[in-house]
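Data first, discussion second: the structure below is written as structure tokens.
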Amino acid sequence: MNESLSDIGLIGLAVMGQNLALNIADHGFRISVYNRTTATMEKFVAENPDTPGGLVGFATLEEFAASLKRPRRAVIMVQAGKATDAVIDALTQVFEPGDIIIDGGNSKWTDTIRREKELKEKGFLFIGSGVSGGEEGARFGPAVMPGGDAEAYKHLEPVWNAIAAKVDPVTGKELKGAAPGKPIVGGVPCATYIGTDGAGHYVKMVHNGIEYGDMQMICEAYDLMRKLLGMSAPEIASVFKKWNTGVLDSFLIEITGEVLAQKDPMTGGDLVDLILDTAGQKGTGKWTSVSALDMGVPAPTVAEAVFARCISAVKDERVAASKILSGPDAAYQGDKEELIEAIHAALYCSKICSYAQGFQLMREAQKEYGWTLDFGKIAQIFRGGCIIRAIFLQKITEAFERDGQLANLLLDPYFQGEVEKLQPQWRKVVATAALNGVPAPCMGSALSYYDGYRSEKLPANLLQGQRDYFGAHTYERTDQPRGKFFHIDWPEPGRPQIEA
């Protein structure tokens, strides 16, 4: 074998691509890189001459392909959609059947299913891999979620296991301290084969949907403390830093404390108070919600998080409406520390419900798409590297170890006990928010989800009667076997009821 050939290649040298390439090189893999703009590639290679594995740049795809060991392995890190399709098409012109193409972008899982099928027909192997953790994760250890041909993944697995974030095998906490040229040694990698075709990108999408929920619920906790208790950003920062030492210990709680404590370099005031309250989004939260609706899976907390960003975006309308529409003035008179403790409980319980919805959605998706998902392993890879990484995920891993067929996280003894213990405080927070006019859509929807899921009887019997009345949609009966449908000829409104 020609030792000058590279172990793997990467196409697309924006920040994520550059950081992932450096991560791969840090772990001793020789990597070839290509970018549509040659100057970007040349600058990147020149600035990183001494990586352990070695970085080599190429100006043409032909040269790039010729530089790779067989079967060739190339990671695509370009914008999802048409740009990814264009790169895949170009690679098929210079690769040979049996070579492996890896999409590491934020692609929609349905696109991954299509691409895998098309490439298989041409003899190429395809892997769609979620890569989570942002720029920092890509550089020093992301969570990776590969889906596609299982045999093809065996060729990528050594690389993905090496570059992934690592967690302590006992505590499940992420191992930190990686630096350029000095990767983490030991620990359990946050990487596992997810399933066939689009499974990896689907799981990454659900991860992002859960991330939307986590972020919005944290924002609601912050909003309650500032509006009901009149706390300043530094005071709330101290609360979040304290929370990060307990069951809420997570990346998002940690950075929330940092954001709230940050001073504005221009004015010296609290930076968060000067950031405009309009949130952006890239679509994965919406994809998660649409998928849940398509499959009939209740995932209201993620959907509410998406809608919260949508309502934040209509800033000018909200400013105008605030001068017209009235509501109660926030005026909480109770004990401050007691409410802070209750907000902590509400955030934790809402988080449990949000994750329960995400895993329930993945469970239904595997039926829809013919995947076989290991939810315990999925929870394991979420423990480090990704945005939702949290100590809490160790409990989810343990739940699926106890019962691999667990229908809902709320039914696990640990989570059942936590919600049972904390729900009085959770209910108090949701009620207090409503009575004082403070929006808490995710906390409220999570509580409604919990109450709906635990209800033996819901008012859908009346709804089904309405549907049969106006559209002859039929209904099932409580005194007859399930699956047997009935219809009656309803009277016109105002006419006598049908006799028994």
Side-chain angles (χ1 to χ4, degrees), residues 130 132-133 141-145 161 164-176 184 186-195 199 203-204 206-207 209-211 213-214 217 243-254 299 301 344-366 371-423 426 446 449-450 453-454:
S132 179
V144 288
M145 302 153 228
N161 281 349
K166 308 297 190 299
V167 296
D168 184 280
V170 178
T171 66
K173 291 202 71 170
E174 184 176 17
L175 301 176
K176 298 182 179 180
I184 295 291
V188 179
C190 294
T192 191
Y193 175 71
I194 301 295
V203 169
K204 171 60 164 60
V206 174
H207 161 281
I210 291 172
E211 176 189 316
D214 269 0
M217 288 185 287
W243 286 357
N244 199 47
T245 62
V247 293
L248 290 176
D249 178 350
S250 67
F251 172 72
L252 285 171
I253 293 290
E254 179 183 10
T301 307
H344 177 278
L347 180 54
Y348 187 49
C349 289
S350 300
K351 185 184 181 81
I352 292 171
C353 284
S354 180
Y355 281 65
Q357 292 165 34
F359 277 86
Q360 199 170 27
L361 178 58
M362 288 187 283
R363 187 186 68 178
E364 191 62 30
Q366 72 173 346
W371 300 326
T372 301
L373 304 181
D374 186 326
F375 301 115
K377 286 186 177 179
I378 289 171
Q380 283 184 329
I381 62 174
F382 285 172
R383 293 179 302 177
C386 64
I387 303 301
I388 66 171
R389 60 186 183 267
I391 196 70
F392 160 85
L393 282 151
Q394 180 66 21
K395 296 297 184 183
I396 298 181
T397 297
E398 293 167 6
F400 284 108
E401 286 175 349
R402 283 188 288 270
D403 181 2
Q405 302 302 313
L406 185 65
N408 190 296
L409 284 177
L410 291 168
L411 302 178
D412 174 73
Y414 172 79
F415 291 115
Q416 179 188 353
E418 290 294 280
V419 174
E420 184 72 24
K421 176 178 66 178
L422 299 172
Q423 66 170 291
W426 185 15
Y449 170 82
Y450 174 75
Y453 192 69
R454 69 178 184 84

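Note that the coordinates shown come from a computational prediction; the quantities given were computed from them, not determined experimentally. Index from 1, following the sequence.
- No side-chain heavy atom of Y414 sits under 4.5 Å from any side-chain heavy atom of E398.
- At least one side-chain heavy atom of L410 sits under 4.5 Å from a side-chain heavy atom of V419.
- Evaluation of the side chain to side chain donor-acceptor pair (under 3.5 Å) test over residues 244-254, restricted to residues two or more places apart or in two chains, returns K173-D249.
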Check the pair V247 / K395 against side chain to side chain contact (heavy atoms under 4.5 Å, CB included), numbers first and verdict last. CA-CA 10 Å; V247 293; K395 296 297 184 183; over 6 Å; no
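- K176 places no side-chain N or O within donor-acceptor distance of the main-chain N or O of I184, the cut-off being under 3.5 Å.
- Here W426 pairs with Y450 under the ring pair (Phe, Tyr, Trp, His ring centres under 6.0 Å) rule; sequence neighbours left out.
- From T192, atom OG1 reaches atom CG of N161 across 8.0 Å, with rounding to the nearest 0.5 Å.
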Checking side chain to side chain contact (heavy atoms under 4.5 Å, CB included) for the pair L406/D412: CA distance, chi angles, key distance, verdict? CA-CA 7 Å; L406 185 65; D412 174 73; 3.9 Å; yes
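- Considering CD1 of I396 and CZ of F375, their distance stands at 12.0 Å, rounded to 0.5 Å.
- Between L409 and F400 the shortest side-chain heavy-atom distance falls below 4.5 Å.
- How far CD1 of I381 is from OH of Y193: 13.0 Å, rounded to the nearest 0.5 Å.
- Among all heavy-atom pairs drawn from M145 and S132, the shortest one is CE-CB, 3.7 Å.
- Closest approach of E174 to A165, counting heavy atoms only: OE2-CB, 3.7 Å.
- To the nearest 0.5 Å, the span separating CD on E211 from SG on C386 amounts to 8.5 Å.
- The main-chain N or O of Q394 is never found under 3.5 Å from a side-chain atom of R383 such that the two would form a donor-acceptor pair.
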Please evaluate residues H207 and I387 with respect to the criterion side chain to side chain contact (heavy atoms under 4.5 Å, CB included), reporting the C-alpha separation (whole Å), side-chain torsions for both, the decisive distance (0.1 Å), and the verdict. CA-CA 9 Å; H207 161 281; I387 303 301; 4.2 Å; yes
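- Nearest heavy-atom pair across A164 and P189 is CB-CB, 4.3 Å.
- Side-chain contact check for V167 versus R389: every heavy-atom pair is 4.5 Å or farther apart.
- A distance of 7.5 Å separates CD of Q423 from SG of C349, quoted to the nearest 0.5 Å.
- A donor-acceptor pair shorter than 3.5 Å can be found between the side chains of D214 and Y355.
- In this structure, M362 and I378 have side chains that are in contact, with non-hydrogen atoms separated by less than 4.5 Å.
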Determine whether E418 and I352 satisfy the following criterion, side chain to side chain contact (heavy atoms under 4.5 Å, CB included), listing intermediate values before the conclusion. CA-CA 9 Å; E418 290 294 280; I352 292 171; 4.2 Å; yes
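- Here the OH-CD distance, from Y449 to Q360, works out to 4.0 Å after rounding to the nearest 0.5 Å.
- Here the closest non-hydrogen pair linking C190 and Q380 is SG-O, 4.1 Å.
- If you look at F392 and F415, their ring centroids are closer than 6.0 Å.
- Closest approach of I194 to L373, counting heavy atoms only: O-CD2, 3.6 Å.
- For L411 against Q416, the heavy-atom pair with the smallest separation is O-OE1, 4.1 Å.
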